[in-house]
Number of protein chains: 2
Amino acid sequence: MTRLARPGGSPPTPRSVDVARLAGVSQKTVSRVLNDEPYVSADMRRRVLDAAEELGYRRNQAARALASGRTRSIGVVTLGSALYGPASLLVGIERAVREVGYTLRVAATIEGDPGGIAGALASLLDQGVDGVVISEPIDEGVSLISVDVPVLVLGAPPNFAAPQVVTARVGARLLARAATEHLLELGHATVHHVAGPQRWYSTRDRLAGWREALRAHGADEPPVVEGDWSAASGYAAGRELAGDGTVTAVFAANDDMAIGLIRAQLEAGRRVPEDISVVGFDDIPVAAYVTPPLTTVRQPFDEVARQGLALLVHVIEKPDVELPPAADQPVELVVRASTAPPPPRPIPGRGRRAIPHAHGGPHGQPAGSEVPSTRP
Amino acid sequence: MTRLARPGGSPPTPRSVDVARLAGVSQKTVSRVLNDEPYVSADMRRRVLDAAEELGYRRNQAARALASGRTRSIGVVTLGSALYGPASLLVGIERAVREVGYTLRVAATIEGDPGGIAGALASLLDQGVDGVVISEPIDEGVSLISVDVPVLVLGAPPNFAAPQVVTARVGARLLARAATEHLLELGHATVHHVAGPQRWYSTRDRLAGWREALRAHGADEPPVVEGDWSAASGYAAGRELAGDGTVTAVFAANDDMAIGLIRAQLEAGRRVPEDISVVGFDDIPVAAYVTPPLTTVRQPFDEVARQGLALLVHVIEKPDVELPPAADQPVELVVRASTAPPPPRPIPGRGRRAIPHAHGGPHGQPAGSEVPSTRP
DNA sequence: ATGAAAGCGCTAACAT
DNA sequence: ATGTTAGCGCTTTCAT
C-alpha cells in the first residue's frame, strides 16, 4: 500500500506475483526466498532477488500479518512523560526492538487515568502485536490483566496473566543500596530518603535498597519523605528536612528531586556537601554540571532493554525452549561533589544527635570530577 | 489474533461472522455497524453491538488494513535520544495521535548514521502507515526523499516529495528572539550565542531568532560558539567565553548547555548573573532549581504536536479540502535569576569594550521566582 | 526442489 | 435499509 514512491511517476506498486512473473517462477517461490525458507536452489534465489530488486518490490505487511497471524511488531506501554528515566528506557527499547528485527508500536498511559495500563494494553493487543513490554510499571489496583501474548515487564514482579511473562531487572535496588552505602561509608550516622510515589514499582525498589543498606550498617531508619519525581517536590522535601538539624545525608530517588532538595538546603543556609550530603539517582545529563556536581547512580537502561527484549523475543519465537539466564546489571556509582563526610558535630537543633566522627578524612573528593575540559 | 484473553480458557477468538450469526444478521451489517456507516436501523445496530459485546469481539486490524489499504496508524521518525526536547515532542505526538483516533509506530534514527531518516522512513512506510511525522529534522545531505503518504514536518521547511507535506512551526525562532531581547533590554550591549549542531533545523531556527533580535537592536553579532546540546559542550563553550571579559550575556540553545556554561563561569570566578547573564532554552524540569535558577523559554510541545497532527490527519482524510489555518504558538519567556543588567563596567580584559549603562536599574528580579513553597 | 490451490478476516462494490 | 459477491496480497497446506 504505502511504500517509498517509485521515482518516475506511479507504476502500480509491484506484488509478489509481479516478481514471480519477471523471475519466471511461481509466486510461492518468491515467498520462499523472501522468507529464507529452505529448499530453494541458489540460482532460483538469485533470480527472485534480482527481480524483486528491479521492481522495487516490498512485501505488504498487512497481508503477511493476515495470512500468518503474526505482525513482527512489539508494543510498549510507556508513561506519557518526558521524565529522564522512562524516556531513556523508551529509547533503549526502540533500539533493542529494531535490533531483533521487529517494529515498535507505542501506547502511553494517560496520566492519572486509572486503568491506563489496561487501556494502553488493549490498544496494543488490538493492533496485533506479537509481544508487549511494560515499561516503568505502576500499581493501578488492577490485580490481574489477561493478555494472550508474551509480556516483558521491566523492573516489576509479574502480576499479569499471559502465556509467558518475562522480567528484566533494572537493578535499581542494588543501585539504591550502593548510593546509601556510599553515604554510610562516608561516616554518616544514617541516611534520609526522599522517595517517589508509592504506586511506582521503581519507588519501592529503591526504598528496598535503601533499607537494606541501613540495616546492613545497623543504622536507624528515619521516616521516608515522599515526592513525585519533580524537582519541585524535592524542594519541598528539602524544606521539610532542613528543619531537622540532625539530617546530614539524603538519598533522593531521582536527580531532579535531588537538585530541588539541594536548592532548598542552600536557601536554608545549609551548605552541600559540608553540612549535608545528597545523592541522586539516574545521572541525568546535567548532573555533573549543577552546583555542586551531583553524586548519583546510573541505570543501565540500554542493557536492560536489550536483555529484556532478547528474552521476550525468545519466548515469542521459541515458546518451548528454556530461557537463557539473565546477566547481572553493573552497578555504577558516580561520585561527584555533593557528598562528603558529615560535619564534625551536628548542627544545633532538637532531635537525635548524629554520632560525631573524629576521622572524617578527605574521602569526599569534593572536586567536580568528570567535568571535561574540551568540547566533544 | 491477539486480544485480551477471554477469562475462562480459550474459545477461539470470535470473527465478525460469529457476531453476525449471533445477531441474526449478515456479516456485512456487522461491518457497517462497527464502521459507523449510514443506513443501519437503530435496533439492528443494537443487536450487533450487543452480540459483539457478548462475544468480546474485536476487529482484526490486519484484515482491515489489507482490505481497505489503510492502517489508521501514523509513524513518527524520531531521534534515538532522551534529550528533553525530542522526548517531550514524542510524548506530545503520542497523545495527539491517540486523540485523533490513530495508533503510533515509532522508528528512531540511528545516531550518526547517515541516511538514518531515510531508513527510518522506509521502515515506517513498509509498515503501511497512513502518514508520517518527522520530529526534530536534521540535515543529512539527502536532497530529496520520496514518500507516498502525507508527511508532517515539525519545525522544518519542506524538503520531501510527498503527496502532501504539512508543517507545524515550533516557534523556536520567536522564542530565541524573545530570549535575546530580554537580555538586550536588560542593557547588555550584545548577546553571545551557544548554538546546537548546525545540521539540526532547531539550531538554525534559534540562530535566526537570535540574529533578528541583535539586528533589531543594532547590536554587534559576535561569533557563534557551537555545542552539541550536552551540558559538557556548554561547559566547554563557557570556558571559551570566560576568557573574554567583554562577554556579559549569553543565550544558550538549550538548558543543558546553559547549565554547563554557568558551571564554567563559576569555576572561572565569574558570578551569574552579576558578571554574566545566561538564558537557556526549553525550561527543563530542573531549570527552576539549579543555582542560580535559570531564565529560559518554554516550547509549547503539546500544542505543536496537536496542531500538526490535526493538519496531518486532515490531509490524510480529506486530501482535497483546503487546509485550516495554523494558529500562532505562544511565546513564553520564564524569567528567573540567571539574568540581570550588565555589570556597571566591563571586567578588565582585552577585546571590545561593552557599552557602560548608567541606568542598569533593578530590572533583573534575581529572586528564584516560581520556586513553590509546598509540595504538589 | 518447486507449484497450485485454499484461505487469513475483513471492506468494497454491486445487488436487492 | 440489508445482503451477496469479490477480492486485498500474502502464507499455508498439499501436490508433484
Side-chain angles (χ1 to χ4, degrees), chain A residues 1-3 11-49 51-52 55-73 103 125-128 130 317, chain B residues 1-3 11-49 51-52 55-73 125-128 130 148 317:
Chain A
M1 239 77 314
T2 47
R3 42 201 61 184
T13 30
R15 312 302 176 199
S16 61
V17 238
D18 302 323
V19 177
R21 199 172 308 132
L22 181 60
V25 300
S26 78
Q27 185 270 335
K28 171 64 216 182
T29 300
V30 174
S31 173
R32 277 210 182 90
V33 171
L34 266 26
N35 289 322
D36 275 319
E37 286 172 34
Y39 303 124
V40 257
S41 67
D43 83 273
M44 201 108 272
R45 162 164 279 119
R46 261 265 61 77
R47 273 158 63 193
V48 170
L49 258 19
L55 294 176
Y57 170 72
R58 330 207 56 167
R59 281 178 293 188
N60 179 315
Q61 301 300 335
R64 295 188 76 195
L66 178 57
S68 69
R70 298 192 36 201
T71 57
R72 283 119 188 128
S73 72
T103 61
L125 295 172
D126 254 22
Q127 295 175 53
D130 293 342
E317 298 181 347
Chain B
M1 235 82 307
T2 47
R3 43 202 59 184
T13 31
R15 309 304 175 202
S16 60
V17 237
D18 302 322
V19 177
R21 199 173 306 130
L22 181 60
V25 300
S26 79
Q27 184 270 334
K28 173 63 215 182
T29 300
V30 174
S31 172
R32 277 210 181 89
V33 171
L34 265 27
N35 288 322
D36 273 320
E37 284 172 33
Y39 303 125
V40 255
S41 67
D43 86 272
M44 200 107 271
R45 161 163 281 120
R46 262 265 60 78
R47 274 158 60 193
V48 170
L49 257 21
L55 295 177
Y57 170 71
R58 330 207 57 167
R59 284 176 292 187
N60 179 315
Q61 301 300 335
R64 295 187 75 197
L66 179 57
S68 70
R70 300 194 33 201
T71 55
R72 281 119 187 129
S73 72
L125 295 171
D126 254 22
Q127 295 176 53
D130 293 341
D148 62 0
E317 298 182 348

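Throughout, a chain's letter reflects where its sequence line sits, starting with A, and its residues are numbered from 1.
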### Message
Quick check: on DNA chain D, is the nucleotide nearest A:Val30 upstream (toward 5') of the one nearest B:Ser26, or the reverse? Name the residue that is more 5'.
### Response
B:Ser26
Taking OP1 and OP2 of [N], is either one under 4.0 Å from a side-chain nitrogen or oxygen of [X]?
X	N	value
B:Arg15	C:dG9	yes
A:Tyr39	C:dG3	no
B:Ser41	D:dA1	no
A:Ser31	D:dT11	yes
B:Arg64	C:dT11	yes
A:Tyr57	D:dG9	no
A:Asn35	D:dT11	yes
A:Thr29	C:dT2	no

### Query
For the side chain to side chain contact (heavy atoms under 4.5 Å, CB included) test, which of A:Leu22, A:Asn35, A:Leu49, A:Val48 pairs with A:Val30?
A:Val48
### Query
So does B:Arg46 pair up with B:Asp43, basic N to acidic O under 4.0 Å?
no
### Query
Between B:Asp18 and B:Arg15, is the closest basic N to carboxylate O distance under 4.0 Å?
no
What is the distance, to the nearest angstrom, from the [atom1] atom on [X] to the [atom2] atom on [N]?
X	N	atom1	atom2	answer
A:Arg58	D:dC10	CZ	C1'	16 Å
B:Arg47	D:dT2	CZ	P	8 Å
A:Asp43	C:dA1	CG	C1'	11 Å
B:Gln61	D:dC10	CD	P	20 Å
A:Arg32	D:dG9	CZ	P	22 Å
A:Leu66	C:dA6	CG	P	18 Å
A:Leu34	D:dT11	CG	P	8 Å
A:Arg21	D:dG9	CZ	P	13 Å

### Message
Would you say that A:Arg45 contacts A:Asp36 through its side chain, given a criterion of any heavy-atom pair below 4.5 Å between the two side chains?
### Response
yes
### Task
Name the closest nucleotide to the B:Ser16 side chain, picking from D:dC10, D:dT2, C:dC10.
C:dC10
### Message
Closest-nucleotide mapping onto DNA chain C: is A:Met44 or A:Gln27 further toward the 5' terminus? I mean the 5' end.
### Response
A:Met44
### Query
Could one point to a donor on the side chain of A:Lys28 or the base of C:dA4 with an acceptor on the other under 3.5 Å away?
no
### Message
Any side-chain to backbone donor/acceptor pair from A:Arg58 onto B:Leu125? Under 3.5 Å, distance only.
### Response
no
### Query
Short question: side chain of A:Arg64, backbone of A:Arg72 - any donor-acceptor pair under 3.5 Å?
no
### Task
Could you check whether B:Val17 gets within reach of a base, just the sugar-phosphate, or nothing at all, counting any heavy atom under 4.0 Å?
nothing
